[in-house]
Amino acid sequence: MKEARESEGLQVGLALKLKTTVKGDTPSTLATTSFYKKEPWESQSFCSNFPHEVVCADSWGQFLLVSTDAGILLIDDGQPSVQVFDKTLQIKQMHVLEVLDLLIARTDERKDSRLLVFRLSAVQKDIETKQMIRSKYDCRENKLERTKGCHLYAINTHHGSELRIVVAIGNKLLLITKKYNPCNSLTSSSLLSLPESPVDEFQYIWEIRLSDPPVVMTLVDGPTGDSDNMICVAYRHQFDLVNESIGESYRLHHVEANKVNFVAAIDVYEDGEAGLLLYYNCFFFPFFVTYVCQYRKVYPFNGGSPRVQSSAYDFHFSWNQVPYAVVCAFPSILAFTTDSIEIRLVVSGNIVHTAVVPELQLVASRSDIYLKATAAIRGSSHSSSKEMSSSSPQALTAYEIPECPLSS
């Protein structure tokens, strides 16, 4: 409910204000003391002088697993990086799922691209024993069949009874599942008895064809998980919902514009009901452009089709600059542009802060947020990134995502 979310946002704000007052960091206190308020968007250096181009990354405990032009590296703050895979393996997407003892990765070989699955325990063993640095030829047993030529994949963001993966191969969607089996329930002897590759533990459910190749995909969990899970796909000028149980698609939202650039669709949940935060950039020729965030409530399936809120949005606003990525970290939404981070409130869409970050690249955001930039993050309401020196070496910075009552 909109009212419940507003109340929750108000409670968060009051709690933060009380905490700030107790610490003595209120504006009136700052006028008479040397203490400065620490803002939630302040970053900390994680790895300075990082020499490689970053393709994608994900958190692995206190480490960061990074796909670069030199291969796949494991980075720890203040420690030399460790080579995990050599540069023959070019990875464009990855997910580190520690609870499931899995590493999922999508290679980039155009028509020969594949989805690979590894046991984290096997990768960790190679790192600890320094037995080998794997190449793409050592990963032949880790390829999921029928995923050749894939250009995109998505996984369910909530731990349920099974892991669900949707793979896009052109305009074809392939649904793959793996039964949920927490690795912490396995004994060390059972881990040793498992085959090194987990490929045989995945099963193929169905495949369907869309009218066009999707550019954004998000899995949406139904309230029961029984025949009411959905897949949100974006292509051409529209967002559609695909029923996972029968493969039928339904129109969610159509964008009236000359050209649309889809950014993201993020699933959020309130009292078991799913909603979607839709992000896209609209181009109206010859000059007008808008950068939109929109919330759509998706109700459970009713008679085989989802009921979507038809006209009213809980909120709908435009960003000030062109975002290429968006992260929802309740109570905030963060939009990442090429040289700034724009932070707004989920409840109202009101802007809270704009941080200037020269040559910004969002590296990972599933756990902590990792950024690559040529200078430290600093707040700004008027200054331009051109006013900041871009001669400093590139560095990875990180800051914690606040706890999120709206799972996303």
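Just so we're clear, the structure is a prediction, and the values are computed from it rather than from any experiment.
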* side chain to side chain contact (heavy atoms under 4.5 Å, CB included) partners for Leu89, two or more places apart -> Phe85, Ile91, Thr107, Leu116, Lys136, Cys139

* Assert yes or no for the condition that the ring centre distance of Tyr324 to Phe336 is strictly below 6.0 Å. => no

* Asked: Should we count CD of Gln83 as having more than 12 external heavy atoms under 6.0 Å?
  -> yes

* Asked: Just one of Tyr235, Tyr279, Phe239 clears the ring-ring contact (aromatic ring centres under 6.0 Å, His included) bar with Phe262, so which one?
  -> Phe239

Anything under 3.5 Å between a donor and an acceptor, one on a side chain of residues 146-153, the other on a protein residue two or more places apart or in another chain? List them.
| residue | atom | partner | partner atom | Å |
| --- | --- | --- | --- | --- |
| Arg146 | NH2 | Glu207 | OE1 | 3.2 |
| Thr147 | OG1 | Leu115 | N | 3.2 |
| Thr147 | OG1 | Leu144 | O | 2.6 |
| His151 | ND1 | Ala168 | O | 3.4 |
| His151 | ND1 | Gly170 | N | 3.4 |
| His151 | NE2 | Pro214 | O | 3.0 |
| Tyr153 | OH | His95 | N | 3.4 |
| Tyr153 | OH | His95 | ND1 | 2.7 |

* Verdict with reasoning, Asp267 to Thr218, per side chain to side chain donor-acceptor pair (under 3.5 Å) -> CA-CA 7 Å; Asp267 57 320; Thr218 299; 5.7 Å; no

* **Gln203, CD: over 12 other non-hydrogen atoms inside 6.0 angstrom** => yes

* To do: Report the distance from atom OG of Ser121 to atom CD of Glu98, rounding to the nearest 0.5 Å.
  => 12.0 Å

* Asked: Among side-chain atoms of Asp240 and Gln238, is any donor-acceptor pair under 3.5 angstrom?
  -> yes

* To do: May I have the step-by-step check of salt bridge (charged side-chain N to carboxylate O under 4.0 Å, His left out) for Arg134 and Asp86, ending in yes or no?
  => CA-CA 6 Å; Arg134 301 191 190 203; Asp86 69 17; over 6 Å; no

* Asked: When you measure from the side chain of Glu342 to the backbone N and O of Asn320, does any donor-acceptor pair fall under 3.5 Å?
  -> yes

* Please round to the nearest 0.5 Å and tell me the distance separating atom CD of Gln93 and atom CD1 of Ile155. => 9.5 Å

* Which residues pass the side chain to side chain contact (heavy atoms under 4.5 Å, CB included) test with Tyr137, sequence neighbours left out? -> Ser135

* **Any Glu244 side-chain heavy atom under 4.5 Å of Leu219 side chain** => yes

* **Flag for His253-Tyr280: side-chain donor and acceptor within less than 3.5 Å** => yes

* Is it true that atom NZ of Lys143 has more than 12 heavy atoms of other residues, nucleotides or ligands lying nearer than 6.0 Å? -> yes

* **Aromatic contact, Tyr204 with Trp206 (centres under 6.0 Å)** => no

